[in-house]
Amino acid sequence: MSRAILQVMIRGRVQGVGYRAWVESQAAACGLEGWVRNRRDGSVEALFAGTPKLVADMVALCRHGPPSSHVDSVTSETASVDELNLRGAGEKFSVLPTI
């Protein structure tokens, strides 16, 4: 089975509207591995790992976000498996501190 790992940057009105928690719940529901965190510049960064279809579907969901958000742009790039090491020990998907 092939596996995709994408690092995603979401910009717009995405902090303070529950976007990070929404990403966590959507990713967990899809069975994805990875993490999400707020950035001090107001963007949200996430890493998704799973089957290419599930990862692509999650990126598409990020383009819309929860109802109270306004997403201006979503960019993604391929990431390495080493990026998954940022997760909390024993967690499949983690919410990381703001950087």
Side-chain angles (χ1 to χ4, degrees):
M1 177 189 305
S2 66
R3 180 174 163 111
I5 303 175
L6 286 181
Q7 192 162 353
V8 179
M9 190 69 66
I10 304 108
R11 298 190 192 299
R13 190 180 74 223
V14 293
Q15 285 193 33
V17 295
Y19 198 96
R20 185 171 56 171
W22 177 84
V23 167
E24 177 191 26
S25 67
Q26 295 297 312
C30 292
L32 294 172
E33 295 180 69
W35 48 261
V36 62
R37 64 183 168 196
N38 287 336
R39 297 181 58 93
R40 286 191 174 84
D41 67 1
S43 63
V44 171
E45 182 179 19
L47 183 97
F48 304 118
T51 65
K53 167 97 170 89
L54 288 177
V55 170
D57 289 348
M58 186 65 207
V59 172
L61 283 173
C62 286
R63 293 186 191 285
H64 300 286
S68 57
S69 69
H70 177 80
V71 176
D72 291 333
S73 68
V74 175
T75 57
S76 62
E77 62 183 46
T78 302
S80 72
V81 71
D82 292 337
E83 295 292 327
L84 284 171
N85 294 336
L86 294 175
R87 292 180 294 180
E91 292 181 334
K92 188 172 181 176
F93 200 89
S94 297
V95 175
L96 302 180
T98 300
I99 62 164

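For reference, positions follow the sequence shown, starting with 1.
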N/O donor-acceptor pairs under 3.5 Å from side chains in residues 54-64, not counting sequence neighbours:
unit_1 : atom_1 : unit_2 : atom_2 : d
D57    : OD1    : K53    : NZ     : 3.1
D57    : OD2    : K53    : NZ     : 2.9
R63    : NH1    : V74    : O      : 3.4

Check A49 against R3 and note the closest heavy-atom contact, atom names and distance.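 Heavy atoms of A49 and R3 come nearest at CB-NH2, 3.6 Å.
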For the residue pair P52 and A4, what are the closest heavy atoms and their distance?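 Closest heavy-atom pair between P52 and A4: CA-CB, 3.8 Å.
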Treating [X] as the side-chain partner and [Y] as the backbone partner, does any N or O pair qualify as donor plus acceptor under 3.5 Å?
| X | Y | answer |
| --- | --- | --- |
| Q7 | A46 | no |
| K92 | G31 | yes |
| W22 | P67 | no |

Any chain of hydrophobic side-chain contacts (each under 4.5 Å) joining [X] to [Y]?
| X | Y | answer |
| --- | --- | --- |
| V23 | W35 | no |
| F48 | I5 | no |
| L6 | V95 | yes |
| V71 | V36 | yes |
| L96 | L84 | yes |

Residues that [X] engages under side-chain contact (heavy atoms from CB on, under 4.5 Å), provided they are two or more places apart:
| X | value |
| --- | --- |
| N85 | D82 |
| E91 | S94 |
| V17 | R13, Y19, S68, S69 |

Mind checking the [atom1]-[atom2] spacing from [X] to [Y]? Nearest 0.5 Å is all I need.
| X | Y | atom1 | atom2 | result |
| --- | --- | --- | --- | --- |
| L47 | L86 | CG | CG | 8.0 Å |
| T51 | L32 | OG1 | CG | 7.0 Å |
| R11 | S73 | CZ | OG | 6.0 Å |

For R20, check salt bridge (Lys or Arg N to Asp or Glu O under 4.0 Å) against everything at least two apart and list the hits.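 Partners of R20 under the salt bridge (Lys or Arg N to Asp or Glu O under 4.0 Å) test: none.
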Under the salt bridge (Lys or Arg N to Asp or Glu O under 4.0 Å) test, residues paired with E45 that sit two or more places apart: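 Checked E45 against salt bridge (Lys or Arg N to Asp or Glu O under 4.0 Å); matches are R37, R39.
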Who else is in the cluster with M9 when I, L, V, M, F, W and Y are joined by side-chain contacts under 4.5 Å?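 Grouped by the 4.5 Å side-chain rule, M9 forms a cluster of one, so the answer is none.
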